Amino acid sequence: MERAYTVIQAAAEGGILRLTLNNPWRKNAIGPAMVNELLHALEAGMADEAVRCVVLTGAGDAFCAGGDFAQMSGDGAPQAEGKGDYADLLLALANARKPIVARVNGHALGGGLGLVAASHFAIGARGAKLGTPEINVGLFPMMIMAVLQRHVSRRKLLEMMLFGQRLDADEAAQCGLLSRAVEPDALDAAVGEVTSTVLSKSPIAIRLGLEAFAAQDDLDLEAALPLLRERLAGCLATDDAREGLMAFLEKRPPRWSGK
């Protein structure tokens with residue numbers, strides 16, 4: 001967490017790592033430097049036992065306006081050298097072993113919407129627009145399609161991508177892109193409800209659960225159930241599972257050790 005960043009900010013406190021896209025004069029447009037810094041910060045956060053949850057947000061009045069067109073290659077994707085590219089970033093978010101909460105404080109478009117869709121939770125402020133405007137500049141939201149289709153119906157997704165639609169926060173919540181939409185002055189409280197709930201649960205149960213969730217996501221039922229049976233056995237073998245069951249029987253709050 002001590003790494004110096006130029007286009008993001010990273011601050012950890014009380015078990016929460018807050019990552020802020022910090023390029024407000026470009027509406028936090030995402031380019032190679034931001035991709036690499038986010039990948040570094042996420043890797044550090046996943047390795048830090050004190051971090052239990054990650055909040056991802058944007059500086060200024062936007063969450064992320066999308067890919068930085070000035071830094072794009074011919075296929076329309078932000079290219080990065082070093083840690084990885086935008087696809088690696090989406091994978092890092094989707095496969096994170098600790099909950100990622102997108103605090104959508106303003107517009108989340110194109111690649112910015114991909115970050116929202118790849119997060120585990122997404123709370124959006126009313127007034128924010130979420131959409132896929134790439135078609136309007138002769139591009140198509142290729143990579144973010146993979147994470148958007150996990151939340152939005154096939155017909156709605158095609159309509160969004162082919163028409164370049166921008167949804168308001170309530171519409172985005174209705175179609176599954178946001179967990180919920182709230183008034184701007186209630187955004188921090190709503191995000192706080194999520195993070196405080198996460199902090200009250202067993203760290204190892206959350207980690208094992210998220211790993212299992214990611215592993216079974218694309219499997220059919222015949223393959224998913226045996227895998228999850230094995231993962232349940234691993235969860236039952238933890239100290240936290242034994243403590244949780246004992247606390248339930250003794251009618252007391254559990255004391256999590258994270259083991």
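As the structure is a computational prediction, the values presented were derived from the model and not from experiment.
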Can you hop from Ile144 to Ile135 via hydrophobic side chains spaced under 4.5 Å?
yes
Are Val101 and Leu130 joined in one hydrophobic group, where the rule is that I, L, V, M, F, W and Y side chains link up if heavy atoms are under 4.5 Å apart?
no
Count I, L, V, M, F, W, Y as connected when their side-chain heavy atoms are under 4.5 Å apart, and connections chain through other members. Are Leu148 and Val104 then in the same cluster?
yes
Does any N or O in the side chain of Glu193 come within less than 3.5 Å of the main-chain N or O of Ala190, such that one atom is a donor and the other an acceptor?
no
Lys98 (side chain) donor-acceptor with Val54 (main chain) under 3.5 angstrom:
no
Within 6.0 angstrom of Glu49 CD, more than 12 heavy atoms from elsewhere:
no
Carboxylate-amine/guanidinium proximity below 4.0 Å for Lys156 and Glu171
no
Answer whether the closest heavy-atom distance between the side chains of Leu167 and Leu177 falls below 4.5 Å.
yes
Is a salt bridge present between Arg252 and Glu243, judged by a nitrogen-to-oxygen distance below 4.0 Å?
yes
Assess whether a salt bridge exists between Asp168 and Arg126, defined as any Lys/Arg side-chain N lying under 4.0 Å from an Asp/Glu carboxylate O.
no
Looking only at atom types and distance, does a side-chain atom of Asp240 sit under 3.5 Å from a main-chain N or O of Gly258, one as donor and one as acceptor?
yes
From Leu178 atom CG to Asp170 atom CG, the distance as rounded to the nearest 0.5 Å
9.0 Å
What is the distance from atom CG of Leu208 to atom OG1 of Thr238, rounded to the nearest 0.5 Å?
7.0 Å
Steps toward side-chain contact (heavy atoms from CB on, under 4.5 Å) verdict (Val51, Ile16)
CA-CA 6 Å; Val51 171; Ile16 300 169; over 6 Å; no
Should Val152 and Leu115 be counted in the same cluster of Ile, Leu, Val, Met, Phe, Trp and Tyr side chains packed under 4.5 Å apart?
yes
Which ILVMFWY residues can you reach from Phe213 by hopping between side chains whose heavy atoms are under 4.5 Å apart?
none
When rounded to the nearest 0.5 Å, the distance separating CZ of Arg52 from OG of Ser200 is 8.0 Å
Can you tell whether the side chains of Asp218 and Arg150 come within less than 4.0 Å, N to carboxylate O?
yes
Keeping Ser179 on the side-chain end and Ile123 on the backbone end, is there a donor-acceptor pair under 3.5 Å?
no
Looking at Arg26 and Asp68, is any side-chain nitrogen of the basic one under 4.0 Å from a carboxylate oxygen of the acidic one?
yes
First locate atom CG of Asn95, then atom CG of Asp88, and finally report the distance between them rounded to the nearest 0.5 Å.
11.0 Å
Check whether His120 reaches the backbone of Ile100 with its side chain - one donor and one acceptor, N or O, closer than 3.5 Å.
yes
Can you give the donor-acceptor pairs under 3.5 Å from side chains of residues 56-65 to other protein atoms, not counting sequence neighbours?
from: Thr57; atom 1: OG1; to: Arg103; atom 2: O; distance (Å): 2.9
from: Thr57; atom 1: OG1; to: Arg103; atom 2: NH1; distance (Å): 2.9
from: Thr57; atom 1: OG1; to: Asn105; atom 2: OD1; distance (Å): 3.2
from: Asp61; atom 1: OD1; to: Lys27; atom 2: NZ; distance (Å): 2.9
from: Asp61; atom 1: OD2; to: Lys27; atom 2: NZ; distance (Å): 3.1

Out of curiosity, does Leu232 fall in the hydrophobic cluster containing Leu245 (side-chain heavy atoms, cut-off under 4.5 Å, transitive links)?
no
Roughly how far, to the nearest 0.5 Å, is CD1 of Ile206 from NZ of Lys201?
8.0 Å
State whether the number of non-hydrogen atoms from other residues, nucleotides or ligands found under 6.0 Å of Arg166 atom CZ is greater than 12.
no
Is Ser257 reaching over with its side chain to a backbone N or O of Lys259, donor-acceptor style, under 3.5 angstrom?
yes
Do NZ/NE/NH1/NH2 and the carboxylate oxygens of Glu211 and Arg207 come within less than 4.0 Å?
yes
Would you sort out whether Val191 and Phe121 count as a side-chain contact (heavy atoms from CB on, under 4.5 Å), showing the intermediate values?
CA-CA 9 Å; Val191 171; Phe121 302 94; over 6 Å; no
Could you go through the side-chain hydrogen bond (donor to acceptor under 3.5 Å, both in side chains) check for Thr6 and Glu37 one step at a time?
CA-CA 8 Å; Thr6 59; Glu37 291 187 0; 2.7 Å; yes
Return yes if some donor-acceptor pair links the side-chain N/O of Tyr86 with the main-chain N/O of Gly111 below 3.5 Å, else return no.
yes
Which distance, rounded to the nearest 0.5 Å, do you find between the CG of Leu113 and the CD of Glu134?
8.5 Å
